[in-house]
Amino acid sequence: MLTRPALEQLYRSHGSAVLRRARQLLGDEAEAREVLHDVFISLLESPEQFAGRSSPMTFLYRMTTNNALGRLRSQRSHARLLAAEYAGQKEPTSPSAEAFVELRAWVISLPEELARVAIYYHMDEMTQEELAQVLGCSRQWVGKLLQQLEARGRRRSAT
Amino acid sequence: MTRRRSEACLSDLQLDCWMAGELSAEAGQAMALHLEACTICRQRHADLAEEQRRFAGDLPACAPLEQPGAVGASGLRWRVRPPGLRWFLGASALAAAAALVLFVARPGQLGTPSVLRSDGFGTRAKGSGASLGWAVRRGEHVFTGSPERALRAGDALRFTISSREPVYVAVLGLDAAGRLSVYHPNADRLTRVEAGQQQPLPSAVELDGTTGDEALYGVFCSSALPLSVVTLAVERSPQDPPLPLGCAFERWKVRKEAQ
């Protein structure tokens, strides 16, 4: 179980990765910092969440994704993303940043598990092995999830 | 939606784990080889490392453990102080300081523990070329610390490192209640100590309050790992911390008594 000094050290050594991922996921600095705060406050309040079954970084990736996903689904973020996608007000100008805007808008329309897969696979560009590690499931199951995701992607492109 | 990264390239997760010291030595070597050959991943690694440096640089220094609300505020705790700060008080401070400096500097006198016990305390990991020692100041007296000699509330300790080669060091304490304290470094990564005998670490600690046993850990690594890797390893398995390859540790039991 994490003690407070260990958590403080974890914040110093891993906080940057949490903030970066939250920023990529949400496209909003203020919200990303709230995710960083929420993740570590949650660990401070319930340190037993980290049981040591995965590496600290993998665990924090998962917490960040879950927290950011919840925010993406919130009404405020939802409205902002839809506005950005449909009103042509895409926040950044680089092709990858535009892809992130599109990805965020797509992610909020997906069921929970597929949304996480979409984030890990398309935004983090993880391998199937890494996906299995972060999701805590078999590679076979990851393969099935990716097939479902691909099918949904095709349907979305067709509409 | 297309993926930009080629299958051969490293993901951010891999790079993050590597920078956090969470990969095995073999995996780390494979990554280092890839980085040598791949400019894209090398640039990404440099970007992430720079981001990490900026993030850590924006944070305040580690709060001293005696601050209200810090872990160990109740029960037995050791307070970490910056070098020299209030280490000695009163009129005899200067003389005592000089005595301690001399004491620390004399090879062969300081408390590098020498007795290995059968109860699991007094463990020296194989392959470690480094060892932990400590000097104790009690009132006007300074003496060599050892696992056999009990400590008292108010004792001031200064840890020393002996090593045949440069080594990156952390010193931790785990009390009977399972509370972990970091005595060194006062930073987010292990700090380098040059080769030499009984070199004093910059931070000093002062015993406070309650009595009981405490396990002292000296952790010696070949690179500047994040401190969190070491603290998590000790918390996961205090008897045999699963430290990354390239690290070794010593564990000693000390008893703290009332004044």
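Keep in mind it's a predicted model, so treat the numbers as computed, not measured. Residue numbers start from 1 in every chain, and the chains themselves are labelled A, B, ... in the order their sequence lines are given, proteins ahead of strands.
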Specify the closest pair of heavy atoms between [X] and [Y], including all atoms of both residues, with the distance to one decimal.
| X | Y | answer |
| --- | --- | --- |
| Phe55(B) | Tyr11(A) | CE2-O, 3.3 Å |
| Asp124(A) | Ser11(B) | O-CB, 4.2 Å |
| Gln9(A) | Asp188(B) | OE1-CA, 3.4 Å |

What's the separation between atom [atom1] in [X] and atom [atom2] in [Y], rounded to the nearest 0.5 Å?
| X | Y | atom1 | atom2 | value |
| --- | --- | --- | --- | --- |
| Leu19(A) | Gln52(B) | CG | CD | 11.0 Å |
| Ser16(A) | Leu48(B) | OG | CG | 7.5 Å |
| Asp16(B) | Ser55(A) | CG | OG | 10.0 Å |

At a heavy-atom separation under 4.5 Å, does Leu232(B) approach chain A through its side chain, its backbone, both, or neither? side chain
Could you go step by step and tell me if Arg236(B) and Phe50(A) meet the side chain to side chain contact (heavy atoms under 4.5 Å, CB included) rule? CA-CA 11 Å; Arg236(B) 268 191 215 176; Phe50(A) 179 67; 3.7 Å; yes
Only heavy atoms, only distances under 4.5 angstrom. Which residues in residues 57-67 of chain A are near chain B? Met57(A), Thr58(A), Tyr61(A)
If you count heavy-atom pairs under 4.5 Å between each of Gly178(B), Ser228(B), Cys17(B), Pro226(B) and chain A, which one has the most?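 Winner by heavy-atom pair count: Ser228(B).
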Passing candidate, side chain to side chain contact (heavy atoms under 4.5 Å, CB included) with Asp12(B), options Met126(A), Arg20(A), Arg21(A):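 It is Arg20(A), the one option of Met126(A), Arg20(A), Arg21(A) that forms the side chain to side chain contact (heavy atoms under 4.5 Å, CB included) with Asp12(B).
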Mark yes when over 12 heavy atoms from residues, nucleotides or ligands other than His37(A) sit less than 6.0 Å from its NE2; otherwise mark no. no
